[in-house]
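The structure appears right after this line, and notes come after that.
Read the numbers this way: they start at 1 and go in the same order the structure lists the ligands and their atoms. Numbering starts at 1 and runs along the sequence shown.
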Amino acid sequence: MNTILVINAGSSSIKFQLFAAGGERSLKRLLKGRIEGIGVKPLLVTEGVEPGMTTEVRYSAAEVPNVPEAMRRVGGWLREAVHGFPMAVGHRVVHGGPEFHQPVIVDAATLAKLERFVSLAPLHQPNNLEPIRALMAQAPSLLQVACFDTAFHRGHPDVADRYAIPGKFYAEGVRRYGFHGLSYEYIASRLREIDPRVASGRVIVAHLGSGASMCAMVDGRSVDSTMGFTALDGLPMGTRPGHIDPGVILYLVDRGMSTADLQRMLYHDCGLKGLSGISNDMRELLVSDRTEAALAIDYFVYRAALAAGSLAAAMSGLDAFVFTAGIGENAPEIRARIAARLGWMGAKLDAKANDRGGPLISAGDSRIPLYVVPTDEELMIAQHTASVLMRSGRSL
Ligand code: ADP
């Protein structure tokens with residue numbers, strides 16, 4: 001059986017899924033797993049080897065101190081659980097820089113190019129590239145495909161791609177890249193199945209997870225995103241602030257804060273966690289009766305509604321709004337509160353449909369249809385990997 005392995009390596013976790021490949025549109029998920037808490041409290045969880053079966057393996061921090069070691073453990077587990085090597089591995093790579101508009105087969109030269117973008121995404125890119133490098137060393141003939149979070153946004157018009165700073169910085173790569181592109185691309189393809197007429201219109205997709213952003217799409221193509229040069233901008237997130245006056249950063253630098261401390265704070269201590277002082281997890285905030293939790297939720301909803309207004313203006317109107325990712329898919333209260341703030345645009349929720357989770361959650365007389373569409377970045381990566389294989393003349 002031909003299989004495609006998908007690897008999504010983050011800063012402290014590696015998620016993986018294995019698909020049986022019969023063609024680009026004929027992929028069957030065989031199993032999935034993740035190793036989380038790398039270097040702290042590593043735990044490997046897998047499901048799907050037998051129907052309904054899950055397994056857990058705990059390691060000490062010394063046994064799995066970093067991403068390469070975690071990758072070796074995942075490889076070892078896969079070799080025992082699955083017979084035969086995958087025909088290709090598809091990787092999520094956060095940054096394709098200004099150059100990569102679509103997925104590519106990674107060879108040594110491509111890897112060297114992708115390493116140049118480490119400075120653009122210092123916390124994510126090294127972890128994305130590490131498993132590629134490790135597999136290249138272990139199995140040089142194995143085909144590896146990089147799928148980029150930025151690629152879906154590379155067609156943005158100039159006004160959405162620029163910052164109003166001297167042009168020489170743009171030339172060296174200081175641009176509004178946008179992220180979560182694999183999620184948005186998947187949602188665009190699902191919308192075409194759910195309602196082709198809506199999919200061809202002006203749509204905002206709200207990817208509300210630990211990381212959160214929104215994308216303005218016209219006819220299934222991204223025209224703007226709330227994220228920019230890095231995944232810090234735009235909406236408030238679990239631990240990242242979203243939109244912030246750069247003057248605040250200058251003030252903190254002036255006060256003596258180091259770049260490393262600032263980076264730690266901006267990626268790990270802000271957002272829902274910073275505002276509430278309680279948790280970065282929306283579930284905990286929703287059940288808390290503390291005023292700080294209420295403020296963090298109010299802020300999240302307020303900024304989401306502001307961003308929606310701004311993206312609707314980017315498209316001179318709005319034909320549909322889609323919720324996705326952890327919060328978007330699972331928190332009816334947050335969806336209801338954001339939808340209420342979009343009432344001025346004609347959005348009207350159907351409370352019962354919202355509680356059921358959609359896909360359509362708007363009332364019959366809502367001017368704008370509202371949807372919940374679960375995202376599937378791993379399937380998107382597997383599809384890209386299959387189509388790259390087919391384009392390069394390999395049969396599945
Ligand atoms: P990521 O893939 O970026 O880690 P997810 O898309 O899985 O993030 O989203 C994770 C977030 O989704 C969690 O931090 C949590 O706040 C939120 N979430 C998950 N389930 C629920 C739920 N039932 N109610 C509210 N929030 C939820």
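Looking at S225 and H153, their side chains never bring a donor and an acceptor atom within 3.5 Å of each other. A donor-acceptor contact closer than 3.5 angstrom is absent between the side chains of Y371 and S362. A donor-acceptor contact closer than 3.5 angstrom links the side chains of E185 and H384. Side-chain polar atoms of Y170 and D161 form a donor-acceptor pair below 3.5 angstrom.
Atom 9 (O) of ligand 1 has its nearest heavy-atom neighbour, among G326, S279, P374, G328, in G326.
For the pair R175 and Y163, the NZ or CZ position fails the cation-pi test of under 6.0 Å to the six-membered ring centre and within 45 degrees of the ring normal. Taking the centre and axis of the six-membered ring of Y302, the NZ or CZ atom of R341 falls outside the cone set by 45° and 6.0 Å.
Protein heavy atom nearest atom 27 (C) of ligand 1, with residue, atom name and distance: R283 CG, 3.6 Å. Closest protein heavy atom to atom 17 (C) of ligand 1: I327 CG1, 3.5 Å.
The A331 neighbourhood of ligand 1 comprises atoms 24 (N), 25 (C), with distances under 4.0 Å to a heavy atom of that residue. Residue-ligand proximity, D281 to ligand 1, at heavy-atom distances under 4.0 Å covers atoms 15 (C), 16 (O). The ligand atoms of ligand 1 that sit less than 4.0 angstrom from a heavy atom of G211 are 3 (O).
Residues T239 and C270 form no side-chain contact, since every pair of their non-hydrogen atoms from C-beta on lies 4.5 Å or further apart.
Residue contacts with ligand 1, taken as heavy atom pairs separated by less than 4.0 Å, involve K15 solely via side-chain atoms from C-beta onward.
Geometrically, ligand 1 and S210 share a nitrogen or oxygen pair separated by less than 3.5 Å. At least one N or O atom of M282 sits closer than 3.5 Å to an N or O atom of ligand 1.
Taking a 4.0 Å cut-off on heavy atoms, G238 fails to register as neighbouring ligand 1.
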